[in-house]
Colleague: 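The following block contains the structure, expressed as structure tokens.
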Amino acid sequence: MTFMELARNRYSERHFDSRPIEDEKLQMILEAGRIAPTACNYQPQHIYVLKSPAALEKACITKASLYSCPLALLVCYDSKTVWKNPGDRCYELYNAGEQDASIVAASMMFEAEEQGIHSLWIRGFDSRTVMDTFDLPANHIPVMMLALGYPGEDSHPAHLHSKRKSLDETVTVL
Ligand SMILES: Cc1cc2nc3c(=O)[nH]c(=O)nc-3n(C[C@H](O)[C@H](O)[C@H](O)COP(=O)(O)O)c2cc1C
């Protein structure tokens with residue numbers, strides 16, 4: 001499958017099968033995140049694998065809707081090791097953590113897709129609640145959760161999946 005086919009085929013999964021994800025596939029998914037680019041190659045990402053029923057239950061307590069996925073990844077960045085642009089006049093406000101964590105997460109999302117595993121990108125949670133519930137160190141800043149699993153019988157793209165703006169609306173050639 002080409003990358004374009006993979007990208008076109010992917011959609012947000014909200015009907016997961018309960019079948020567990022094989023360890024080899026999970027390792028491949030994590031590896032895709034490991035080799036993702038990060039600002040200045042600082043690699044500030046930290047990924048919590050929510051695998052046990054207790055961990056998945058905790059994620060639900062945080063109001064992150066996981067749609068009964070058998071496994072989820074909580075992707076954080078480490079605020080102690082993240083790159084900050086010394087030339088940025090907003091140096092204290094800005095760091096690359098969200099971008100680093102996002103490209104790590106996107107790489108894992110597409111690798112999962114290649115493995116036949118569907119995913120859902122989740123940001124609908126309160127960061128403080130996630131930090132408290134999982135007892136994260138203060139420097140681990142949660143960015144997103146990636147729910148993972150095989151598609152269930154009712155799997156289908158939601159209506160928003162087919163709604164994409166045209167390139168004319170989102171691209172300006174200067
Ligand atoms: C940054 C981000 C945050 C998202 N947060 C959530 C979320 O909390 N819950 C959810 O059900 N979907 C969430 N989504 C999924 C989007 O709703 C979905 O990607 C979008 O509607 C397009 O649909 P598609 O992924 O099927 O193409 C999120 C996606 C992104 C990129």
Colleague: Would you please say whether a donor-acceptor pair under 3.5 Å links the side chains of S119 and E113?
Modeller: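 No.
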Colleague: Regarding E169 and S166, is there a side-chain donor-to-acceptor distance under 3.5 Å anywhere?
Modeller: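 There is such a pair (donor and acceptor under 3.5 Å, judged by atom type) between the side chains of E169 and S166.
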Colleague: Closest approach of P44 and V82, non-hydrogen atoms and distance?
Modeller: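 Shortest heavy-atom contact: CB-CA, 3.8 Å.
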Colleague: Tell me which donor-acceptor pairs under 3.5 Å the side chains of residues 140-154 have, and how far apart each pair is, sequence neighbours excluded?
Modeller:
unit_1	atom_1	unit_2	atom_2	d
H140	ND1	Y48	OH	2.6
Y150	OH	E22	OE1	2.6
Y150	OH	E22	OE2	3.2
Y150	OH	K25	NZ	3.1

Colleague: Determine the minimum heavy-atom distance between R10 and R164, stating which atoms define it.
Modeller: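 That would be NH2-NH2, 3.6 Å.
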Colleague: Is there side-chain contact between L73 and I29, with at least one heavy-atom pair below 4.5 Å?
Modeller: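 In short, these two side chains touch, coming nearer than 4.5 Å.
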Colleague: Using 4.0 Å as the upper bound for N to carboxylate O, is an ion pair formed by E31 and R34?
Modeller: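 E31 and R34: salt-bridged.
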Colleague: Looking at CD of Q45 and CD1 of I103, how far apart are the two atoms once the value is rounded to the nearest 0.5 Å?
Modeller: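 The CD1 atom of I103 is 10.5 Å from CD of Q45, to the nearest 0.5 Å.
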Colleague: State plainly whether one hydrophobic cluster holds both I35 and M28, where clusters connect Ile, Leu, Val, Met, Phe, Trp and Tyr through side-chain heavy atoms under 4.5 angstrom apart.
Modeller: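 In one cluster: no.
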Colleague: Let me check something: do V75 and Y42 share a hydrophobic cluster, defined by ILVMFWY side-chain heavy atoms less than 4.5 Å apart, either directly or through other members?
Modeller: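 Shared cluster, no.
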Colleague: Considering only heavy atoms from C-beta outward, does the side chain of E114 approach that of E111 to under 4.5 Å?
Modeller: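 Yes, at least one pair of side-chain atoms sits under 4.5 Å.
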Colleague: Is T129 close to K63 at the side-chain level, that is, under 4.5 Å between some pair of heavy atoms?
Modeller: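 Not in contact.
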Colleague: Using 4.0 Å as the upper bound for N to carboxylate O, is an ion pair formed by R128 and D132?
Modeller: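 Salt bridge flag = yes for R128 with D132.
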Colleague: Is there side-chain contact between V130 and S127, with at least one heavy-atom pair below 4.5 Å?
Modeller: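 With C-beta onward as the side chain, the pair stays apart.
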Colleague: Tell me, please, which residues at least two apart from A106 pass side-chain contact (heavy atoms from CB on, under 4.5 Å).
Modeller: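 Checked A106 against side-chain contact (heavy atoms from CB on, under 4.5 Å); matches are W121.
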Colleague: Nearest heavy-atom pair of P70 and S18: which atoms, and what distance?
Modeller: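 Where P70 meets S18 most closely, the heavy atoms are CB-O, 3.9 Å.
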Colleague: Would you say I117 and I21 make side-chain contact, with heavy atoms under 4.5 Å?
Modeller: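 I117 reaches I21 side chain to side chain.
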Colleague: Cluster question for you: counting only ILVMFWY and a side-chain heavy-atom cut-off of under 4.5 Å, with indirect links fine, are F3 and M109 together?
Modeller: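 The answer is yes; both residues are in one hydrophobic cluster.
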Colleague: Between atom OH of Y11 and atom CG of L120, what is the distance when rounded to the nearest 0.5 Å?
Modeller: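 So the gap between those two atoms works out to 12.0 Å.
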Colleague: How long is the gap from CD1 on I61 to CZ on F134, to the nearest 0.5 Å?
Modeller: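 Spacing of CD1 (I61) from CZ (F134) equals 8.0 Å.
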Colleague: If you count every heavy atom of other residues, nucleotides or ligands that lies below 6.0 Å from L167 atom CG, does the total exceed 12?
Modeller: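 Check fails, neighbour count at 12 or below.
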Colleague: Please enumerate all residues that pass side chain to side chain donor-acceptor pair (under 3.5 Å) together with K58, with sequence neighbours excluded.
Modeller: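 In terms of side chain to side chain donor-acceptor pair (under 3.5 Å), with neighbours along the sequence ignored, K58 is linked to no residue.
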Colleague: Report yes if the side chains of L26 and L71 come closer than 4.5 Å at any heavy-atom pair, otherwise no.
Modeller: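 With C-beta onward as the side chain, the pair touches.
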Colleague: With no hydrogens and no angle check, is any side-chain donor or acceptor of S107 less than 3.5 Å from a backbone partner on G33?
Modeller: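 Not a single qualifying donor-acceptor pair exists.
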Colleague: First locate atom CG of N95, then atom SG of C90, and finally report the distance between them rounded to the nearest 0.5 Å.
Modeller: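 Separation between the atoms: 12.5 Å.
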Colleague: Tell me if the NZ atom of K51 is crowded by more than 12 foreign heavy atoms within 6.0 Å.
Modeller: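 No - once you tally the heavy atoms of other residues, nucleotides and ligands closer than 6.0 Å, there are 12 at most.
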Colleague: Nearest 0.5 Å please: distance from the CE atom of M131 over to the CZ atom of F125.
Modeller: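 Result: 10.5 Å between the selected atoms.
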Colleague: Check F16 against C69 and note the closest heavy-atom contact, atom names and distance.
Modeller: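 In this case the closest contact between F16 and C69 is CD1-CB, 3.6 Å.
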Colleague: Taking all non-hydrogen atoms of both residues into account, name the closest pair between E98 and S102 and its distance.
Modeller: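 What the structure gives for the nearest pair is O-OG, 2.7 Å.
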Colleague: Any side-chain heavy-atom pair from P86 and D88 closer than 4.5 angstrom?
Modeller: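 Side chain of P86 against side chain of D88, heavy atoms only: no contact under 4.5 Å found.
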Colleague: Between E13 and S155, is the side chain to side chain donor-acceptor pair (under 3.5 Å) condition met? List the steps.
Modeller: CA-CA 7 Å; E13 185 59 75; S155 173; 2.6 Å; yes
Colleague: How close do Q99 and Y94 get, counting heavy atoms only, and between which atoms?
Modeller: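 Taking every non-hydrogen atom into account, NE2-OH, 2.6 Å.
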Colleague: Would you call T38 and Q43 a side-chain contact if the rule is heavy atoms closer than 4.5 Å?
Modeller: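 They are in contact (side-chain heavy atoms under 4.5 Å apart), so the answer is yes.
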Colleague: Say you draw a straight line from NE2 of H46 to CG of N139; how long is it, rounded to the nearest 0.5 Å?
Modeller: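 Reported value, rounded in 0.5 Å steps: 10.0 Å.
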